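The structure displayed is predicted, hence computed values, not measured ones. Here, residue 1 is the first one in the sequence, and each next residue gets the next number.
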Amino acid sequence: MQQTNKLVNVLIVDDDELDRKLVKLVLAKAVSQIQFGVDGAETLGQACEKLSGGNYDIVLLDLNLPDSRGNVNVEKIFNLVPDVPIVVLTGLDDEEAGLEAIRSGAEDYLVKGDGLAYTLVKSIRYAIERKRSEYSLIEAKNELEQSNTRLVKATAVANEMAAEAEKANAAKSQFLANMSHEIRTPMNAIIGFSEVLAEEEPLTAQQKEYLKMILDSSKHLLDLINDILDFSKIETGRMDVDNIQCDIRALLAAIESTMNPSAKHKNLEFKIECADDVPTAIFTDPAKIRQCLINIVSNAIKFTEQGYVKISARKISQQDGQFVEFEVSDTGIGIPPDKLDSVFDAFTQADGSTTRKYGGTGLGLTITKQMAGLIGGQVSAESEVGKGSKFKLVMPMTNTAQTQDDKGSGFGKTTAANAAQEIEPQFSGGVLVVEDIQTNQALIKTLLEKLGFVVTVAENGLEAIEAVKKQHFEMIFMDVQMPEMNGYDATKRLRSLGIKTPIVAMTASVVEDDEQKCRQAGYDNYLAKPIDHKCLVEIISSYLASPMAV
């Protein structure tokens, strides 16, 4: 159906020639209102043929035709050209017949006679407008339905892609967790036995140098693994954030204790300055602040050959509140201006040659920036080639803490007091080691025997339960992943038997979910592999008193 302001094409379907001429005359007189192009058909067959090949804006239809009668005429034309309005034009003045014609598809029902001149043009124009409005609504509805269909399909595709992405993330996280476990397990023995040899066995100077290389390389590999795991956790949204009291000066002292040996090894001065106006403590995630600062300081030491590395802490004010600003400055090689922004990008270093010379994954600063963002902080950098760099870590000072009371160490964490012990304690009594890998059995057995314990070894959870039934132990060190019965099930079983002995999980996995599973299973503490000797002593000291120290 098409209509223009100049011409309306009309098809008159009527077998009475006089009636057709009358209608043409009425339409011709309406030229001031609208111009009509008129065509005629005497039968329904002729009308259908013309409608199939023509372009008409309206059909004026008689109900009594030589080849068809009644509302069948309306139905056939409506089905043939549903977008062309039909006005029934008949000599039968019957309201019910008119209603039936409307139900069959007609837009109007007019009776031939004297009033036709007044009503015909108006009826034609109304019929065309109604049909056009009707089809506009139909087209809009169809478009809406098509849009909805496209939206449903797009949503389904998006959901499918999201599900696939989630599966991929889960698979990647599981893969990294598995790889971490598989790599940490042999590294536990490599680092552990190397430390044992370095401490007590009589070695030549060259052997000590070789041993130091083994330890340095192993610890470097462990750092790389930790970087990749941290990056993966942040990417997949699996890194938890704590909000606990953080003693800033104690935090800086711990960083100084940790990083000073690396600085001394390169003959660098390592300085820490904390302004008097820095609060005693704030509520934040101290572990993440510590890691951010250690990452930055490690980079500074790595890229500084002479001079100093310094941490400065001060309070600053900004529009949105009070902040603590940690600035790490160095006298290192510096960063070119065009490379400064990219140092925070993943797997990127300012110069590709630095990877070969200094090593690293290129993830340290990326992790630092993302980790700082997790706890509401920001990291920025400025640098000058040949003169050094400054990295600033700005942390919000909201919820400032006034005291240092009630600082909990948490499940599987170490305390500063115990970590500071310089004299290694000695213990007595029996302990049970539950571990299926022989190298790890030998290592933990050696470490515990050097602390004064008598050690019994079990290879799986079933053996551990039988051993505990036969003998009392001061402590139990139980691996998590073992054949026959894993550590979770064994610990649950021991707790169900009423065993109160402290049980410490030993695992090469570092996924937060595993730590939570250990707690739920009934473990008392958590010791990650490779086993840190100081952490081992500290955990034991938190449950057992040392009868003597040497």
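Rounded to the nearest 0.5 angstrom, Q426 CD and L451 CG are separated by 6.0 Å. Atoms CD1 and CD, on I282 and Q245 in that order, are 10.0 Å from each other to the nearest 0.5 Å. Note: I289 CD1 to I375 CD1 = 4.5 Å, rounded to the nearest 0.5 Å. The CG atom of L393 sits 10.0 Å away from atom CD of Q378, with the distance rounded to the nearest 0.5 Å. Between F427 atom CZ and K450 atom NZ the span is 15.5 Å, to the nearest 0.5 Å. Note that the CG atom of L211 and the CD atom of Q206 stand 12.5 Å from one another [nearest 0.5 Å].
In this structure, the side chains of M259 and F270 come closer than 4.5 Å at one or more pairs of heavy atoms. Within the 4.5 Å cutoff, side-chain heavy atoms of L544 are placed close to those of F453. Taking 4.5 Å as the limit, every side-chain heavy atom of D285 sits out of range of all side-chain heavy atoms of N243. Counting only heavy atoms from C-beta outward, the side chains of V324 and K315 never approach each other to under 4.5 Å. The side-chain heavy atoms of P336 and L340, taken from C-beta on, include no pair separated by under 4.5 Å. Residues V433 and T456 have side chains not in contact (no heavy-atom distance under 4.5 Å, counting atoms from C-beta outward). At a threshold of 4.5 Å between non-hydrogen side-chain atoms, the residues H533 and L447 count as touching. Side chains of V454 and V431 form no contact here, defined as non-hydrogen atoms less than 4.5 Å apart.
With hydrogens and angles ignored, the 3.5 Å screen pairs a side-chain donor or acceptor of N159 with a backbone N or O of T155. Side-chain atoms of R314 never come within 3.5 Å of backbone atoms of D276 as a donor-acceptor pair (strictly under, hydrogens ignored). At distances below 3.5 Å, at least one donor-acceptor pair connects side-chain atoms of R249 with backbone N or O atoms of P279. Although no hydrogens or angles enter the test, the distance criterion places a donor-acceptor pair under 3.5 Å between the side chain of E463 and the main chain of E459.
Closest approach of T507 to Y526, counting heavy atoms only: CG2-OH, 3.4 Å. Shown here for G334 and S383, the closest heavy-atom pair between the two residues is CA-OG, 3.3 Å. Counting all heavy atoms, side chain and backbone alike, C535 lies closest to D532 at N-OD1, 3.0 Å. The heavy-atom pair separating I465 from M485 by the smallest distance is CD1-SD, 3.7 Å. Shown here for K266 and T304, the closest heavy-atom pair between the two residues is NZ-O, 3.0 Å. The heavy-atom pair separating F473 from L432 by the smallest distance is CD2-N, 3.7 Å.
Side chains of S312 and E327: a donor-acceptor N/O pair is absent below 3.5 angstrom, by distance only.
Counting heavy atoms of neighbouring residues, nucleotides and ligands inside a 6.0 Å radius, atom CD of Q306 does not exceed 12 of them. Within a 6.0 Å radius of CZ in R495, other residues, nucleotides and ligands contribute more than 12 heavy atoms. Counting heavy atoms of neighbouring residues, nucleotides and ligands inside a 6.0 Å radius, atom CD of E160 does not exceed 12 of them. For OH of Y210, the number of neighbouring non-hydrogen atoms (other residues, nucleotides, ligands) closer than 6.0 Å is 12 at most.
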Would you sort out whether F391 and T368 count as a side-chain contact (heavy atoms from CB on, under 4.5 Å), showing the intermediate values?
CA-CA 11 Å; F391 283 81; T368 298; over 6 Å; no

Could you check V480 against C518 for side-chain contact (heavy atoms from CB on, under 4.5 Å), going step by step and ending with a plain yes or no?
CA-CA 8 Å; V480 172; C518 287; 4.1 Å; yes

Please evaluate residues I311 and E273 with respect to the criterion side-chain contact (heavy atoms from CB on, under 4.5 Å), reporting the C-alpha separation (whole Å), side-chain torsions for both, the decisive distance (0.1 Å), and the verdict.
CA-CA 6 Å; I311 304 177; E273 298 176 356; over 6 Å; no

Are Q481 and N486 close enough, and set up right, to give a side-chain contact (heavy atoms from CB on, under 4.5 Å), and what steps lead you there?
CA-CA 5 Å; Q481 296 183 15; N486 63 44; 5.9 Å; no

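Between Y488 and Y523, the ring planes lie perpendicular to each other; the angle is over 60°, past the 30° to 60° tilted range.
The side chain to side chain donor-acceptor pair (under 3.5 Å) analysis of residues 429-441, with sequence neighbours excluded, yields the pairs N188-N440, E435-K529.
Residues K302 and D330 are not paired through a salt bridge, judged by the lack of any N-O separation under 4.0 Å between the basic side chain and the carboxylate. The pair K445-E449 counts as a salt bridge, with a side-chain nitrogen and a carboxylate oxygen less than 4.0 angstrom apart.
With a 6.0 Å cutoff to the six-membered ring centre and a 45° limit on the axis angle, K271 counts as a cation-pi contact of Y308.
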For residues 250-258, run the donor-acceptor check on the side chains, cut-off 3.5 Å, and write out each pair with its distance to 0.1 Å, sequence neighbours left out.
unit_1	atom_1	unit_2	atom_2	d
T258	OG1	A254	O	2.9
T258	OG1	R290	NH2	3.1

